[in-house]
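Heads up: the structure comes next, in structure tokens.
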Amino acid sequence: MQDHTLHSRGGIITERNADYATVRLRVPAGVLSAAQVKQLAKISEKYGDGSLHLTMRQAVEIPHVNPENLVKIAKALEKNGTPIGAEQNEIVNIMACPGTDRCKYANCETIDLARKIDKRVFGKELPIRLRIAISSCTYMCNSPLLNDIGIIGRIRPLRVPGLCTGCGTCVEYCKQCAIKLKNGISVLDESKCVQCGICIHSCPYHLLKSEYAHYQITVGGRRGTSPAPGRELVTVETEEEVVEVVDRIVYWIYRTAWSGRPLADQMDEIGYDSFAEGIRKEFGPGAPEAEE
């Protein structure tokens, strides 16, 4: 008798032709070694149709797999370090931009952070499908605000009086028009500043410094036909705090959320304000951990 246990896994997706399945992989931050890619090609040629599909969530899919080969392909993928992923009401692949490893606009490291979050929460079964995205700056190339949990690296610029040369480089680079030259020095309009850090990165004399490097965490973003940005939950300073806050959000959703509805549509009903207040007391600026 055939073992159909794997058919229920979120990473096994029945195709339009129900005689075949697509196998979605677990690839946190979308990072693969060349050796893993070569092996995936061999696995696809042996068990699929020889192609690989890159998903919008930085995962990889092997299309047109015969369900009779699911046990064999699962073992091959596990050995390759690219195990079967998630797609159903669970935490799906963690997205991340390149971060400080490669991007000149980045304010924080993202790849290792994605792996830490993946290790803590990936694949946990929930009442809803949960999407998490990490962006290293406020350009937000991977749209963290439109994910159930968004993590955004930001830095607040510090201008030391008397050091500005008035060259205007930061004014030129600021896309928010938050900086102007007045009396030969740059002046920041904090009401327009989004803490992107571009002025710090662009200063040719390195006169601007970071006053507060942090992660902004948002909750309740939504894509689809009725997109909505997530609500700002809290800002924290360390990767460890990010992972802890994400874990608390996941547990709150597990205990309170209803199935069949996006998180964005039920946040008020399941007590978001009370949850957010508790998180801010524990992790926000002024919390005991931040004072030490």
Side-chain angles (χ1 to χ4, degrees), residues 8-13 24 26-30 55-59 85-97 110 113-136 138 140-154 214-236 239-284:
S8 63
R9 294 278 298 275
I12 306 300
I13 306 166
R24 180 171 294 180
R26 176 181 180 178
V27 189
T55 75
M56 64 166 292
R57 294 207 63 81
Q58 300 178 331
E87 168 61 16
Q88 298 176 2
N89 286 348
E90 51 197 344
I91 298 174
V92 299
N93 206 55
I94 314 299
M95 291 175 60
C97 70
T110 58
L113 177 57
R115 289 171 174 153
K116 290 176 182 177
I117 295 174
D118 170 272
K119 185 177 181 180
R120 178 75 71 91
V121 302
F122 175 84
K124 286 191 175 182
E125 294 186 8
L126 297 171
I128 61 172
R129 184 181 306 166
L130 191 75
R131 301 171 176 88
I132 302 173
I134 308 169
S135 177
S136 63
T138 59
M140 297 183 280
C141 298
N142 56 356
S143 305
L145 284 178
L146 299 182
N147 282 255
D148 299 288
I149 301 176
I151 301 159
I152 305 157
R154 306 193 306 182
H214 60 281
Y215 303 86
Q216 178 190 43
I217 301 176
T218 63
V219 180
R222 177 179 59 200
R223 294 182 179 272
T225 56
S226 302
R231 307 182 196 181
E232 181 174 350
L233 173 64
V234 71
T235 61
V236 297
E239 289 189 353
E240 290 71 27
E241 289 175 310
V242 172
V243 175
E244 285 299 324
V245 171
V246 168
D247 197 41
R248 302 292 180 88
I249 298 170
V250 169
Y251 185 67
W252 168 65
I253 293 170
Y254 174 75
R255 291 294 304 270
T256 63
W258 298 87
S259 60
R261 298 170 61 193
L263 177 61
D265 291 348
Q266 55 176 310
M267 287 176 62
D268 292 328
E269 296 174 39
I270 63 176
Y272 172 75
D273 288 342
S274 176
F275 169 74
E277 183 180 358
I279 289 292
R280 289 164 189 158
K281 284 182 178 179
E282 184 173 357
F283 294 96

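We use all heavy atoms of the structure for the numbers below, so side chains are in, but hydrogens, waters and symmetry mates are not. Positions are given from 1, in the same order as the sequence printed here.
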Hey, does the side chain of Asp247 reach the backbone of Val121 with a donor-acceptor pair shorter than 3.5 angstrom? no

Non-hydrogen atoms of Ser135 and Cys141 that approach each other most closely: OG-N, 4.1 Å

Shortest non-hydrogen pair, Met95 vs Gln58, comes out as CA-OE1, 3.2 Å

Can you find a pair of side-chain heavy atoms, one from Val219 and one from Met267, that are under 4.5 Å apart? yes

The reported gap from CG in Leu130 to CD1 in Ile128 (rounded to nearest 0.5 angstrom) is 5.5 Å

Under 4.5 Å between any side-chain heavy atoms of Val243 and Lys119, yes or no? no

Which atom of Arg131 lies closest to which atom of Asp148, heavy atoms considered: N-OD2, 2.8 Å

For Ile152 and Leu145, what are the C-alpha separation, side-chain angles and deciding distance, and is it a side chain to side chain contact (heavy atoms under 4.5 Å, CB included)? CA-CA 9 Å; Ile152 305 157; Leu145 284 178; 4.1 Å; yes

Once salt bridge (Lys or Arg N to Asp or Glu O under 4.0 Å) is applied, do any residues pair with Arg57, and if so which ones, sequence neighbours excluded? none

Checking Glu269 now: which residues fulfil salt bridge (Lys or Arg N to Asp or Glu O under 4.0 Å) with it, not counting sequence neighbours? Arg261

For the atom pair CG (Leu233) and CD1 (Ile279), what is the distance rounded to the nearest 0.5 Å? 6.0 Å

So, do Glu241 and Val234 sit near enough that their side-chain heavy atoms are less than 4.5 Å apart? no

Once rounded to the nearest 0.5 Å, what's the spacing between atom CD1 of Ile117 and atom CD1 of Ile94? 6.5 Å

Looking only at heavy atoms, what is the nearest atom pair of Ser136 and Thr110, with distance? CB-CG2, 3.6 Å

Smallest separation among heavy atoms of Pro127 and Trp258, with atom names: CB-C, 4.0 Å

When rounded to the nearest 0.5 angstrom, what is the spacing between NZ in Lys124 and OH in Tyr254? 9.5 Å

Is the closest side-chain heavy-atom distance between Ile270 and Trp252 below 4.5 Å? yes

May I ask you to test the Glu282-Glu244 pair for a side-chain heavy-atom distance under 4.5 Å? no

Over 12 foreign heavy atoms within 6.0 Å of CD, Glu232: yes

Value for CD (Glu87) from CG (Asn93), rounded to nearest 0.5 Å, stands at 11.0 Å

Look up atom OG1 in Thr256 and atom CZ in Phe275, then write down how far apart they are to the nearest 0.5 Å. 8.5 Å

Taking all non-hydrogen atoms of both residues, which atom of Thr235 and which atom of Gln216 are closest, and how far apart? CG2-CA, 4.1 Å

